Visitor: 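Below is the structure I would like to discuss, written out as structure tokens.
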Amino acid sequence: MAIPSISIAQEKNLQEVKIRHKKTSGISQDGRLKSFASGMKILAIDSELIAQYQQHSLGVLLSQQVPVFIKSYGINSMATLNFRGSSAAQSQVIWNGIPLNSASSGITDVSTLSVGNFDQIQIAYGGSSSLLGTGNVGAALLLDNHFEKPVNSKKWNSKLGAELGSFGQRKWSFQQQYASKKWFLSAKLMQQQADNDFKYQPEQNIWKKMNNAVLHSSSVLMNIGYKIDQQTSVRFSIWHQQFHREIPPALFEQYSVKNQTDKALRIFLGFEKEYSSSIKWYTKTAYIKEDMHYEDVSILMRTQNKTQQFYQEFGWKKAMRHQQEVLIFAPITIAWMQANLDTITRYQNRFALAAAYSIKALKEKVHYALNARFETINATNIFLIGTNARFAVHPYVQLRANLQKSYRAPTLNEWYFQPGGNVNLKPEKGWNADAGYELAMPLKNKMLLKHDLSMFNRNIQDWILWYGGSIWTPHNIAKVHSRGIESFNSLHWKSGVWQAHLGLNSSFVLATTIESYQANDGSIGKQIPYSPRYNGQALVGFGYKKISCKYNHSYTGYRFVTTDESQYLAPYYTGNLFAAYDLGLQKIKLQINIQCNNLWNEKYQVVNLRPMPLGNWAMGLNASF
Amino acid sequence: MHRQIFQNIISLLCLGFVFFSCKKDKPNAVNTSLPKDSSAKVLIVCEGSLGNGNATLSVYQALKDSLFNDVYKNANGQDLGDVFQSINKINNQYFLCINNSDKIVVLDANNWKQKANINILKPRYILDIGNNKAYVGSLFNNKIYVLNTQTYTIEKEIIMPYQNTEGMILKNGIAYACCWDTACNKLYAINVITHSISDSIVLKGNAPQSMVIDKENQLWVMGGNVYKNKNAHLNRIDLSTQKVSQFFLFDKGVEALKPTLNLKADTLYFLEVNYGGSAPHNGVYRMSVSDKKLPSAAFISCQTNQYFWALGINPNDGHLYIGDPKGFVQKSSVYIYNQQAQLKSQFNVGLGVGSFYFD
């Protein structure tokens, strides 16, 4: 399976570049995607980009490097995913194969996930509900950790990172890794603080300094992998993080005293055994506990939301003759919530049995997969099916296609939140189709051109949207049609000690309401709120010996605040510069870097009336020894 | 050669797809004109959607069937704020309570230009008590602010026994005030000379919220808080004896709001709201002030997935103005009905239509 990469900087030489599209490096550690998702578009974030953004949140990385809309409610506030016009709850975040989305809200706040916590980051575009689980409608963000000794890794490896930046930003991280043939141990500690007291302009000729915007966060992640023998391995992770955020005032507010504390504990245990070269079985067990505390003393509001989730998956995989593979797996999720103002503990139980089949043919030029899932969510039974295929029509060109039935059950909050939960809410159902091609073509032995184009079409019946005045309630809004085109393009050049790359990524998404249950609904034919039609990035970079410099320029088009397009936000451009110098000492690798974010001082708001910072600087130091 | 051709074709394809453009992205411009003559107007309070700062003021001139949306922004070049709760006209000035922006905006009634911006905590309603003074109720605190409507300064704070002063009404030199607190079961009488609580009336039911006075000088008080397990209720109070003469208790879970009277003040209208947009108890209800029980059927029912959030009766023609906020996520609809429940007209205004002020 070929995976388009969004940067060439890690390419070591042109020979490697030439054959990259045939290599399997960077393929997901998730066994389901490895063998049964060849026709899906999967984007792997370059390892060098992961290193570059290690002190930042996933929201920052994705918004600057991938044409996806990250709905950021401003500094110190939530940031959610919008893939291909999907809602935040329609995009799954999966960590080491475990769904991370909150059982209560159904979303993941990507502003609380630090890039440095993960060794591999991928996006699986399009629906894959039958394979990756219900709720996965727009795309899945896959976050994985190493549990085995990485290639070329030393036995002992330590990494230290520190960053100082504008608005009192102070971040540091430390990672200690031990890797042997049997054992892999990794501990990652991260901490950040920020005052976020940036200047903004609420009105013409008036400048203010942002207040009530202090951030404190810390996270500890430990991964342990142990190979009992060549066929048997155990994996264990424990991850705790805490975010305390003051929430600054929006432009319509005179002041703010709001604050929010999010705590999460995630424990993962995996076991894998191969019986022969053809049969493998595994189990995954996870427990996730999330505690959100929100306070606004100005309106006497104190909200606490506690959610817990237990996840268990058993899987059995067999490789058969003629390059066929079968996977049968049974994921179980039991989630429960104790919500504010609700005296009853609310449950959502999911029991699923899923199967996947794949076959390679025509000398591996064709890879076809068929997936199916039967799932019971509380008392509702559902059946989902999906199929995908990839065809290498030319050594440089591959075609792919994916068709999936989508399903998303209402979340615990959507059913039971007090006040406003709606127990009569129907699940979202629909079909998701996407197709595309990718090209990786060497030019004159020094350059590599990559081009990847996808088209998608999705119809969702009973799309869930929260609305209301003082009391917000989720409603089904009948039918939403999403369709669009995405393109990823890059040109890489390397000669001697010089290398350079150009990239241009774009997406065009039409996500419109086409049917409504509401009388005189003005949203028919109109774009879904906060789903920009146009989004794109231009990426430029060069490297000379130990110096590297990268610039990305992002464009985000109009976002509508209302469902009838009567209120909207202006498009914005942001430019970000990153420059680094590598110091290779005897036993220590040092990198000094400098970043300038929002280089052109663009005044912009991602979400209505939540100002974003103007140009700001950061300086970082990374040491590996 | 073939390779060269292949490369050229691919390059052209790439360029074509990179620079695609399929749909105009920029929305159409909106009408920015302002009402200029002094004919009768209906000022339409559009609350906006909580947390989005998109409150607006619309103005409708019924005789000319002219509608002007976003009047404040068109006249002043800036947004009004977050949650426009209420409006009142005092001394040829409009006082706009912008609840979640903690301010009262004062507009010149002649040209819609802003004259003042008064910072005040969570203002809800403003009551003109004469002598260039007004009372301002406040959400989440237990104060009524005494505002000088000429200097725009707060002259005094009246400490109330409970928080959330909502409905206020002036009768015979006494201001009656509701504290919309689930622990409160009284209506408070305030002396508008001394600005102090002079008396209280015990109610049946807690959390009083809004009031009207009927043709028999009986005070109707609507209250309750469904989400805090306090049933909605109506007290009819004889102001001469200061006793409850009639009490009406709504069914559990029924949200009753926004009482208003017709021109003769002999029929009470109110809204019952089901936020899920389903029947029953969802629409405009009416009852004679002499009725002994609550109406069982809606005078005007909501359709499926609809609820009403604004209700007013035009003193000039007796027509009912009903606001459908459409979930506070798109332009609201205003429906005008006659007293026979026949739809006469409809138009769209800003987000979250909440009330009407007939000027």
Side-chain angles (χ1 to χ4, degrees), chain A residues 203-204 250-255 298-300 341 394 396-397 418-420 422 424 439 441 443 449 451 453 465 467-473 475-476 485 487 489 504 506 508 510 516-523 526 529 532-534 557-558 560-568 571 608-609, chain B residues 6-7 10-11 13-14 17-23 25-27 30 47 49-55 77-83 98 100-103 119 121-122 139-140 163 226-227 275-278 302-306 309 324-331 333 346 348 350-352 354:
Chain A
E203 291 171 41
Q204 201 73 28
L251 289 183
F252 57 79
E253 290 175 308
Q254 311 270 354
Y255 67 96
S298 73
I299 59 167
L300 313 174
L341 299 176
H394 183 276
Y396 300 152
V397 182
Q418 292 290 331
N422 181 357
N424 298 317
L439 163 82
M441 186 170 65
L443 301 171
L449 172 70
H451 168 63
L453 187 107
L465 184 70
Y467 55 73
S470 52
I471 307 291
W472 282 71
T473 302
H475 294 259
N476 294 109
I485 306 175
S487 77
N489 312 277
L504 195 59
S506 61
F508 169 69
L510 277 180
S516 172
Y517 297 128
Q518 198 176 35
N520 302 318
D521 193 341
S523 72
K526 301 291 175 23
R533 293 189 187 111
Y534 294 96
Y558 287 92
F560 295 102
V561 177
T562 53
T563 59
D564 59 354
E565 298 184 0
S566 58
Q567 190 189 354
Y568 58 87
N608 195 28
L609 301 174
Chain B
F6 179 77
Q7 286 184 353
I10 292 295
S11 301
L13 265 176
C14 296
F17 284 120
V18 166
F19 298 105
F20 57 75
S21 180
C22 305
K23 186 173 172 75
D25 203 23
K26 189 172 184 178
V30 294
E47 295 179 14
S49 155
L50 175 67
N52 277 301
N54 48 14
Q78 58 186 356
D79 291 322
L80 190 50
D82 196 43
V83 186
I98 314 299
N100 204 34
S101 292
D102 299 285
K103 66 180 182 182
N119 290 337
L121 279 176
K122 302 281 180 281
L139 195 66
F140 305 116
Q163 61 179 7
V226 172
Y227 289 98
Y275 297 103
S278 58
C302 290
Q303 297 180 51
T304 305
N305 289 299
Q306 182 187 43
W309 192 243
D324 172 5
K326 291 184 174 174
F328 295 77
V329 288
Q330 58 179 285
K331 281 185 177 175
S333 287
Q346 70 178 78
N348 288 342
L351 257 75

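Because the structure is a prediction, the values reported are computed rather than measured. All values below come from the heavy atoms of this structure, side chains included, with hydrogens, waters and symmetry mates left out. Below, chain A is the first sequence line, B the second, and so on; all start at residue 1.
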Visitor: Please report the closest heavy-atom contact between A/Pro419 and B/Tyr227, naming both atoms and the distance.
Guide: CB-CD2, 3.0 Å
Visitor: Measure distances from A/Asp521 to the heavy atoms of chain B and classify the residue's part below 4.5 Å as side chain, backbone, both or neither.
Guide: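 For A/Asp521, backbone and side chain are both near chain B.
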Visitor: What part of A/Leu251 lies closer than 4.5 angstrom to a heavy atom of chain B: side chain, backbone, both or neither?
Guide: neither
Visitor: Can you confirm whether A/Ser566 sits close enough to B/Leu351 that some side-chain heavy atom of one is under 4.5 Å from a side-chain heavy atom of the other?
Guide: yes
Visitor: What is the distance from atom CG of B/Asp82 to atom CG of A/Leu609, rounded to the nearest 0.5 Å?
Guide: 8.0 Å
Visitor: Would you please name every residue forming a side-chain hydrogen bond (donor to acceptor under 3.5 Å, both in side chains) with B/Lys326, sequence neighbours left out?
Guide: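 Residues passing side-chain hydrogen bond (donor to acceptor under 3.5 Å, both in side chains) with B/Lys326: B/Ser333.
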Visitor: Atom OH in A/Tyr467, atom CG in B/Asn305: separation rounded to 0.5 Å?
Guide: 5.5 Å
Visitor: Quick one: CG on B/Leu50 to CD1 on A/Ile471, what's the gap to the nearest 0.5 Å?
Guide: 10.0 Å
Visitor: Taking side chain as everything from C-beta outward and backbone as N, CA, C, O, which of these in A/Ala250 sits under 4.5 Å from a heavy atom of chain B? Side chain, backbone, both or neither.
Guide: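 When you check distances to chain B, no heavy atom of A/Ala250 falls under 4.5 Å.
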Visitor: Go through the atoms of A/Thr473 and report whether side chain, backbone, both or neither lie under 4.5 Å from a heavy atom of chain B.
Guide: side chain
Visitor: Any side-chain heavy atom of B/Lys122 sitting closer than 4.5 Å to one from A/Ile299?
Guide: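 The answer is yes, as the side chains (C-beta and beyond) meet within the 4.5 Å cut-off.
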Visitor: Using non-hydrogen atoms only, which part of B/Glu47 is less than 4.5 Å away from chain A: side chain, backbone, both, or neither?
Guide: neither
Visitor: Which distance, rounded to the nearest 0.5 Å, do you find between the CD1 of B/Ile98 and the CD of A/Gln254?
Guide: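 Going from CD1 on B/Ile98 over to CD on A/Gln254, the span is 11.0 Å.
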Visitor: Can you tell me which portion of A/Gln204 sits under 4.5 Å from chain B's heavy atoms? Options are side chain, backbone, both or neither.
Guide: neither
Visitor: Report yes or no: does A/Asp564 contribute a side-chain atom to a donor-acceptor pair with the main-chain N or O of B/Lys331 at less than 3.5 Å?
Guide: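 Between the backbone of B/Lys331 and the side chain of A/Asp564 there is a qualifying donor-acceptor contact (under 3.5 Å).
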Visitor: Among side-chain atoms of B/Asn54 and A/Gln567, is any donor-acceptor pair under 3.5 angstrom?
Guide: yes
Visitor: Can you measure from CG (B/Asn52) to OG1 (A/Thr562) and round to the nearest 0.5 angstrom?
Guide: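 Output value for this atom pair is 9.5 Å.
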Visitor: Do A/Phe252 and B/Asn100 have side chains that approach each other closer than 4.5 Å (heavy atoms only, starting at C-beta)?
Guide: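 In contact.
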Visitor: So, taking the atom named CD in A/Gln518 and the one named CD in B/Gln303, what distance separates them when rounded to the nearest 0.5 Å?
Guide: 10.0 Å
Visitor: Looking just at side-chain N and O atoms, do B/Gln306 and A/Asn520 make a donor-acceptor pair shorter than 3.5 Å?
Guide: no
Visitor: B/Gly354, B/Gly81, B/Ser49, B/Gly51: which one forms the most heavy-atom pairs within less than 4.5 Å of chain A?
Guide: B/Gly51
